[in-house]
Amino acid sequence: MERTFIAIKPDGVQRKLIGEIIRRFEAKGFTLVGLKMMSVPRELAEKHYEVHQEKPFFPGLVKFITSGPLVAMVWEGDGVVSSARKIIGATNPLTAEPGTIRGDFGVSVGRNLIHGSDAIETAAKEISLWFTPEELVSWDSAMAGWLYE
Ligand SMILES: Nc1ncnc2c1ncn2[C@@H]1O[C@@H]2COP(=O)(O)O[C@H]2[C@H]1O
């Protein structure tokens, strides 16, 4: 079953949106298989965002991600990587559609509340960067027969 990495960034935690964000993924029908609140070490933030290391916003991004607690998650389900990106909305909350998390709650690209893996290969890399295998729980949802044919 497909898995994706989702992080509620420090602004999402400070704005008390943890429950609202988890609710949206649960209500859709995806299954939570990994969850932890953590302070992010600088090396982890730099590794996670290494594709952006030449961008002018990189130092500010690392400073922000390490500035307060973050909630790291792994969600599972058919097509979860691309579906989660749609639930999250466009990178810039000002252009994200209403009904998406960023479209409903954000106003600034540097404070866009949540991260979601952008592709299946990226998801695998990010999951192994943020979680050990022991931290992930494989379980069968009793709802599976009502979610999938
Ligand atoms: N122009 C920008 N200024 C500040 N941060 C940005 C900018 N563009 C992208 N980002 C951040 O870089 C992050 C890269 O992936 P995320 O989906 O976590 O969300 C993005 C934004 O938080």
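Counting starts at 1 for both ligands and their atoms, in listed order. Note that the structure is a prediction, hence the values are computed from the model and not measured.
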Side chains of residues 140-149: which donor-acceptor partners sit under 3.5 Å, not counting sequence neighbours?
| residue | atom | partner | partner atom | Å |
| --- | --- | --- | --- | --- |
| Ser141 | OG | Met143 | N | 3.1 |
| Tyr148 | OH | Asp78 | N | 3.2 |

Solution key, residues 18-28 side-chain donor-acceptor pairs under 3.5 Å, sequence neighbours excluded:
| residue | atom | partner | partner atom | Å |
| --- | --- | --- | --- | --- |
| Glu20 | OE2 | Arg23 | NH2 | 3.3 |
| Glu20 | OE2 | Arg24 | NE | 2.8 |
| Glu20 | OE2 | Arg24 | NH2 | 3.2 |
| Arg24 | NH1 | Gly99 | O | 3.2 |
| Arg24 | NH1 | Asp104 | OD2 | 3.2 |
| Arg24 | NH2 | Asp104 | OD2 | 2.9 |

Return all side-chain donor-acceptor pairs below 3.5 angstrom for residues 63-75, not counting sequence neighbours, or 'none' if the list is empty.
| residue | atom | partner | partner atom | Å |
| --- | --- | --- | --- | --- |
| Thr66 | OG1 | Val62 | O | 2.8 |
| Thr66 | OG1 | Lys63 | O | 3.1 |
| Ser67 | OG | Phe64 | O | 2.6 |

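A donor-acceptor pair shorter than 3.5 Å cannot be found between the side chains of Glu76 and Thr31. No side-chain donor-acceptor contact under 3.5 Å links Arg85 and Thr91.
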Are there any N/O pairs under 3.5 Å between ligand 1 and the protein, and if so, what are their distances?
| residue | atom | partner | partner atom | Å |
| --- | --- | --- | --- | --- |
| ligand 1 | 17 (O) | Arg102 | NH2 | 3.2 |
| ligand 1 | 18 (O) | Lys9 | NZ | 2.8 |
| ligand 1 | 18 (O) | Tyr49 | OH | 2.5 |
| ligand 1 | 18 (O) | His115 | ND1 | 3.0 |
| ligand 1 | 19 (O) | Lys9 | NZ | 3.1 |
| ligand 1 | 19 (O) | Asn112 | ND2 | 3.1 |
| ligand 1 | 22 (O) | Lys9 | NZ | 3.0 |
| ligand 1 | 22 (O) | Val109 | O | 3.2 |
| ligand 1 | 22 (O) | Asn112 | OD1 | 3.3 |
| ligand 1 | 22 (O) | Asn112 | ND2 | 3.4 |

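Annotation: Lys86, atom NZ; neighbour count of heavy atoms from other residues, nucleotides and ligands within 6.0 Å does not exceed 12.
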